[in-house]
Protein chains: 2
Amino acid sequence: MELRHIRYFLAVAEELNFTRAAARMGIGQPPLSQQIKDLENEVGVKLFHRIPQGAELTEAGQAFLEKVKGVPDLVQDAVQSAQRAGRGETGTLNLGMTGTAALQPYFTDAIRRFRRSFPDVELTLEEANSVGLINGLMDGRLDVAILRPNATDPEELQKYQLLEEPLVIALPEAWASSDSSMALVTLRDAPLVLTPRKVGITLHDEALRACRDAGFEPVIGQSAPQIASIMSMVAAELGFSLVPASMQQLQVQGVVFRAISGEAPLIGLTLAHRRIGASRITLNFVQLLRQLAPTYASQVEPLEK
Amino acid sequence: MELRHIRYFLAVAEELNFTRAAARMGIGQPPLSQQIKDLENEVGVKLFHRIPQGAELTEAGQAFLEKVKGVPDLVQDAVQSAQRAGRGETGTLNLGMTGTAALQPYFTDAIRRFRRSFPDVELTLEEANSVGLINGLMDGRLDVAILRPNATDPEELQKYQLLEEPLVIALPEAWASSDSSMALVTLRDAPLVLTPRKVGITLHDEALRACRDAGFEPVIGQSAPQIASIMSMVAAELGFSLVPASMQQLQVQGVVFRAISGEAPLIGLTLAHRRIGASRITLNFVQLLRQLAPTYASQVEPLEK
DNA sequence: TTCACTCCATCTCCAAAACATATCGAATTC
DNA sequence: GAATTCGATATGTTTTGGAGATGGAGTGAA
């Protein structure tokens with residue numbers, strides 16, 4: 001049996017007239033009769049009573065109708081599902097991100113826009129450190145990740161720079177002057193609190209480089225894996241830290257932020273996905289984030305008010 | 001699109017290998033590739049990634065699979081439903097019966113057996129008088145009826161005599177002797193309580209004829225449309241009645257039954273259905289009742305103990 | 001009753017399409 | 001690097017879905 005038989009059967013069942021049903025299906029009456037006959041032979045029962053006025057359903061025909069009437073719509077629905085999935089409008093997107101990305105207004109806005117544009121995509125969000133993100137991408141657990149770029153990232157990953165933001169100084173309120181910016185070198189004797197290098201290579205290295213560029217080797221203080229813990233340590237006057245400007249969103253009691261005077265070191269936020277095997281959903285997500293990035297570029301200017 | 005495409009798609013989706021899927025479908029690999037290609041063109045998306053080890057589903061393919069995987073079973077189910085309906089195992093049977101049939105052990109047993117043999121047939125039971133039953137059959141409201149036969153029944157109806165039972169005398173307990181049978185003529189001066197003629201022609205006429213055969217013209221007493229009401233009247237000593245032997249099932253206080261001595265008049269119970277347009281279910285029902293009838297023939301002997 | 005009409009079945013022919021066979025090219029494995 | 005696996009392509013054959021013409025049964029009107 002083929003779908004053709006079902007379509008023809010449904011047409012006859014609806015018209016109760018072979019000639020009209022044939023016209024509706026765009027074929028002649030003889031082939032329609034033939035196909036219905038073939039169907040009846042295959043099922044093994046007469047599905048229509050042929051009466052002078054046309055045709056009427058037998059009991060078997062009624063039972064058959066009841067079961068198959070939804071089939072064409074079901075198939076059509078399947079086609080649409082496939083097409084939607086093909087356009088990346090349905091499915092799942094496993095997104096990984098570095099801890100310092102979640103506070104970006106750009107990032108939260110992007111997620112919100114994506115959910116509105118692709119409401120049927122199941123989005124899973126996972127926070128991990130750089131190594132975890134890269135591994136996740138490589139073994140397929142993640143489709144796309146937002147992270148701090150590093151030169152050692154594998155070649156198999158396609159990366160796009162979304163935006164750059166300056167590092168700013170986070171220091172205990174008690175240490176700060178009223179100036180909105182300060183020279184890094186004034187903190188040369190204070191401990192520098194950072195995330196461990198293996199958790200966030202880029203941020204760690206950039207912070208150190210900034211100090212060296214300012215002409216001193218920093219005193220490494222305590223470390224903590226979470227950016228929030230870093231802030232707590234600064235609030236406890238265990239030292240100062242260098243963090244992406246967007247971290248100013250974190251309003252931690254006892255911590256103030258100051259721009260680095262002079263040329264502030266910039267740290268990027270990039271998006272990465274596998275070069276091969278990227279799903280259409282992934283590409284849709286990437287496209288949306290890249291389109292949105294310029295809108296936020298102005299907001300990442302150095303802090304000078 | 002045809003069911004063939006869906007079947008082939010499902011085979012490849014399961015085997016994840018064109019060659020094996022083709023073998024399973026009993027065709028060569030090239031035509032299978034061709035059909036899948038046609039399907040992909042029609043849907044408008046690639047459904048499989050062709051990889052060196054075989055094939056794997058794309059996201060669109062997964063979505064499509066999810067929707068169509070039940071289709072072949074659905075169609076198979078439809079075929080079976082039609083076949084079962086064709087064999088008269090499903091559907092509805094509208095059964096009408098005369099009021100005096102419901103008490104027949106034969107009848108209740110037949111209904112029970114039918115329900116066991118055809119549990120998926122929806123059986124509707126309707127009690128009506130002879131005229132109502134005949135009309136119901138003729139206008140299609142009833143498929144089959146169990147009634148008292150009458151010579152004026154339409155030719156379009158096929159009738160089968162199921163069994164015959166003698167008429168017995170129902171009389172007030174106070175009037176009865178201890179004999180198990182009595183001559184009808186001894187009641188020549190008592191009123192005869194009957195259903196109105198238009199409600200039950202056959203029973204009415206047979207009762208009158210029995211009296212005339214016994215040599216007297218009965219005194220017609222009150223009438224009531226329901227057999228139960230007749231019994232109440234007899235219990236109230238308003239007269240006697242002549243009823244089918246199976247009515248003895250009705251244990252009415254104050255009413256006793258006596259066989260008619262000599263040759264008792266017989267009254268038949270027949271089954272009727274339309275000669276044309278009888279459903280397979282109807283025929284199954286008729287066959288079952290006719291098979292069962294001889295079993296009960298012995299139980300309708302005259303009352304002589 | 002007859003004639004016209006409706007409607008489905010049957011027959012023949014043709015073109016489209018499903019399938020088979022042979023072959024190729026790419027990727028993998030030993 | 002040869003053998004193997006696996007899907008794609010090219011070409012020929014067979015099947016079959018559909019068109020067109022015709023037939024036969026039933027219905028309704030003159």
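These numbers were taken from a predicted model, which means no experiment stands behind them. Chain identifiers are assigned alphabetically (A, B, ...) following the order of the sequence lines, protein sequences preceding nucleic acid strands; residue numbering begins at 1 within each chain.
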>> For B:K46 and B:E40: C-alpha separation, side-chain torsions, deciding distance, then whether salt bridge (Lys or Arg N to Asp or Glu O under 4.0 Å) applies.
In response: CA-CA 5 Å; B:K46 278 253 173 295; B:E40 288 177 328; 3.7 Å; yes

> In B/S/- notation, 5' to 3', how is nucleotides 3-14 of chain C contacted by protein heavy atoms closer than 4.0 Å?
Replying inline: ----SBBB----

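- The pair B:R275-B:E155 meets the salt-bridge criterion, with a side-chain N (NZ, NE, NH1 or NH2) lying under 4.0 Å from an Asp/Glu carboxylate O.
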>> If you apply the rule salt bridge (Lys or Arg N to Asp or Glu O under 4.0 Å), what do you find for A:R24 with A:E15, and how did you get there?
In response: CA-CA 9 Å; A:R24 192 211 277 192; A:E15 296 285 350; 3.0 Å; yes

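- Salt bridge status for A:E2 with B:R7: present, with a side-chain N to carboxylate O gap under 4.0 Å.
- Atom CD of B:Q35 and atom P of C:dA20 are 11 Å apart (whole Å).
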> So A:R148 and A:E206, salt bridge (Lys or Arg N to Asp or Glu O under 4.0 Å) or not? Walk me through it.
Replying inline: CA-CA 11 Å; A:R148 304 290 174 187; A:E206 281 301 317; over 6 Å; no

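- In the 5' to 3' direction, nucleotides of DNA chain D lying under 4.0 Å from heavy atoms of chain A begin and end at D:dG17 to D:dT27.
- One interatomic measurement links the two molecules: CE of B:M25 to P of C:dA20, which rounds to 13 Å at whole-angstrom precision.
- Remark: B:E89 engages B:R87 in a salt bridge, criterion side-chain N to carboxylate O under 4.0 Å.
- Considering every non-hydrogen atom in both B:A110 and B:L288, the closest pair reads O-CD2, 3.8 Å.
- Residue-level contact check: B:F48 touches neither bases nor backbone, having no heavy atom under 4.0 Å from any strand.
- With hydrogens and angles left out, the side-chain atoms of A:H273 and A:Q158 include no donor and acceptor closer than 3.5 Å.
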